[in-house]
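See structure below.
These figures come from a predicted structure and were not determined experimentally. For reference, positions follow the sequence shown, starting with 1.
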Amino acid sequence: MIRFAIVLLLLANAGYYAFSHGMLRSLGWAPENPAEPERLQQQVNPEALRIMTREEMEQAQKQVQSAAPAAEAPVNPASETVAKPAAEADKAAEKPADKSADKLAEKPAEKPEKPEKRECLVAGSFDAKQVEALRLQLAKLPEGSWKLDSTTSAGRWMVYVGKFSSQDALDKRREELRALDISTDRARLASLEPGISLGRFSTEEAAERHLAAMGRKGVSGAKVVVDRPETINYTLRLPRADAATKKRVQSWHVMDGKDLQTCS
């Protein structure tokens, strides 16, 4: 059995050797020839091909240029016959290009992207303490993209009588002032109640003048107090804010619930 296998293996190797070396080509069994000798057989006058030097190339170009006037002479019918297929081939090649150009021309131009919408926004008002924290956040935005407008609220002064120890004492004093034909009002400030206001004024000088007039009428125990101190309020302005900036600023804790509104 082993001898038979060895003999079979030797025969297989011998057959492959004969196949690979073309010994069986006459029987139609042979590998493809990678050399492709038929391409060499198709060459036309290969001996006419040679490499030209630079000087020979320049001389050949001069000969072609000198022969150009002769090319303008009338061509014979045979050359016209050759030229016609070439012209028709050129026209056929131009047609697909023309069609593709027409398709490009017919294709509608892409619409330009719409610019991102920007708007003027305001929020407020913020007091001096709030605006300090707000400035720290605004510093993170691009320079020139925000502005803080300040508004000064004038103070107010009051001619005040009090503070009384009880409501009965306040009512008794109010009756005395009415007897002097002097109008009164509540102090309306928790720190001054129970108390009586004899008038409120936009300037401290006007309040002092009224206090002097009350003294001439016999009113005693009155004085000038600050009814409302002068304050500066701030309004945040974003001249050209996009949607992302609006959302970012509105989310800040320092906004204290104040919504960004469109500028009026």
Side-chain angles (χ1 to χ4, degrees), residues 111-165 167 170-171 173-174 177 182-215 219 221-264:
K111 295 182 179 179
E113 295 183 1
K114 293 183 179 179
E116 190 172 5
K117 182 181 178 181
R118 294 178 179 271
E119 57 182 336
C120 177
L121 301 172
V122 293
S125 60
F126 302 90
D127 58 27
K129 184 177 180 180
Q130 291 172 324
V131 84
E132 289 303 320
L134 181 59
R135 286 182 190 274
L136 297 177
Q137 293 291 343
L138 292 172
K140 301 175 183 179
L141 297 180
E143 184 177 356
S145 63
W146 58 271
K147 182 180 180 183
L148 286 171
D149 299 325
S150 61
T151 304
T152 302
S153 298
R156 189 168 62 185
W157 287 261
M158 176 173 58
V159 177
Y160 171 75
V161 179
K163 181 176 184 178
F164 298 98
S165 58
Q167 186 65 36
L170 183 144
D171 293 339
R173 188 59 185 275
R174 183 178 284 123
L177 293 171
I182 297 174
S183 60
T184 62
D185 192 8
R186 289 178 50 199
R188 298 181 184 176
L189 289 176
S191 58
L192 299 178
E193 290 285 4
I196 298 174
S197 170
L198 301 181
R200 293 177 172 83
F201 304 89
S202 59
T203 64
E204 187 176 6
E205 291 78 7
E208 291 290 349
R209 288 195 298 269
H210 188 70
L211 176 62
M214 294 296 100
V219 177
K223 59 184 177 180
V224 175
V225 297
V226 176
D227 181 45
R228 182 184 64 201
E230 181 180 271
T231 57
I232 300 178
N233 297 315
Y234 298 85
T235 301
L236 170 62
R237 181 181 296 272
L238 304 175
R240 288 178 52 79
D242 55 19
T245 302
K246 180 181 179 180
K247 183 178 180 180
R248 178 183 178 186
V249 174
Q250 192 66 72
S251 66
W252 291 345
H253 179 70
V254 293
M255 291 295 289
D256 195 26
K258 297 176 176 64
D259 294 332
L260 287 166
Q261 305 290 340
T262 304
C263 300
S264 57

Working for side chain to side chain contact (heavy atoms under 4.5 Å, CB included), residues D171 and R174: CA-CA 5 Å; D171 293 339; R174 183 178 284 123; 3.5 Å; yes

Test side chain to side chain contact (heavy atoms under 4.5 Å, CB included) applied to L148 and L134, step by step: CA-CA 10 Å; L148 286 171; L134 181 59; 4.0 Å; yes

Stepwise side chain to side chain contact (heavy atoms under 4.5 Å, CB included) test for I232 and V131: CA-CA 10 Å; I232 300 178; V131 84; over 6 Å; no

Intermediate values then yes/no, side chain to side chain contact (heavy atoms under 4.5 Å, CB included), T184 and L198: CA-CA 5 Å; T184 62; L198 301 181; 3.9 Å; yes

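Between E193 and G195, the closest heavy-atom pair is OE1-N, 3.3 Å. The shortest heavy-atom contact between L192 and Y160 is O-OH, 2.6 Å. Scanning both residues, Q137 and V254, for their nearest heavy atoms gives CG-CG2, 3.8 Å. Listed here is the closest heavy atom pair of V159 and F201: CG2-CE1, 3.9 Å. Among all heavy-atom pairs drawn from W146 and L236, the shortest one is CB-CD1, 4.4 Å. Taking every heavy atom of both residues into account, K147 and D149 meet most closely at CE-OD1, 3.1 Å.
The local environment of NZ in K223 is sparse, with at most 12 non-hydrogen atoms from other residues, nucleotides or ligands closer than 6.0 Å. Counted within 6.0 Å of CZ on R118, heavy atoms from surrounding residues, nucleotides or ligands total more than 12; the atom is thus considered enclosed.
Looking at E208, its side chain never comes within 3.5 Å of a backbone N or O of V224 through a donor-acceptor pair. The closest donor-acceptor contact from the side chain of R186 to the backbone of P194 lies at 3.5 Å or more, if one exists at all.
In this structure, OG in S150 is found 9.5 Å from CG in N233, a value given to the nearest 0.5 Å. Interatomic distance, W252 CH2 to L138 CG, rounded to the nearest 0.5 Å: 5.0 Å. E119 CD to T245 OG1: the interatomic distance, rounded to the nearest 0.5 Å, is 10.5 Å. A distance of 8.5 Å separates NZ in K117 from NZ in K246, rounded to the nearest 0.5 Å. M255 contributes atom CE, which lies 8.0 Å from atom NZ of K258 (distance to the nearest 0.5 angstrom).
With contacts defined as side-chain heavy-atom distances shorter than 4.5 Å, the pair L170/R173 does not qualify. For the pair V225/L189, no side-chain contact is recorded, criterion being any heavy-atom separation below 4.5 Å from C-beta on. In this structure, the side chains of R248 and D242 stay at 4.5 Å or more apart for every pair of heavy atoms.
The side-chain hydrogen bond (donor to acceptor under 3.5 Å, both in side chains) analysis of residues 121-133, with sequence neighbours excluded, yields the pairs Q130-D256.
Checked against side-chain hydrogen bond (donor to acceptor under 3.5 Å, both in side chains), R188 has the following partners two or more places apart in sequence or in another chain: D185. Qualifying side-chain hydrogen bond (donor to acceptor under 3.5 Å, both in side chains) partners for R156, counting only residues two or more places apart in sequence or in other chains: D227.
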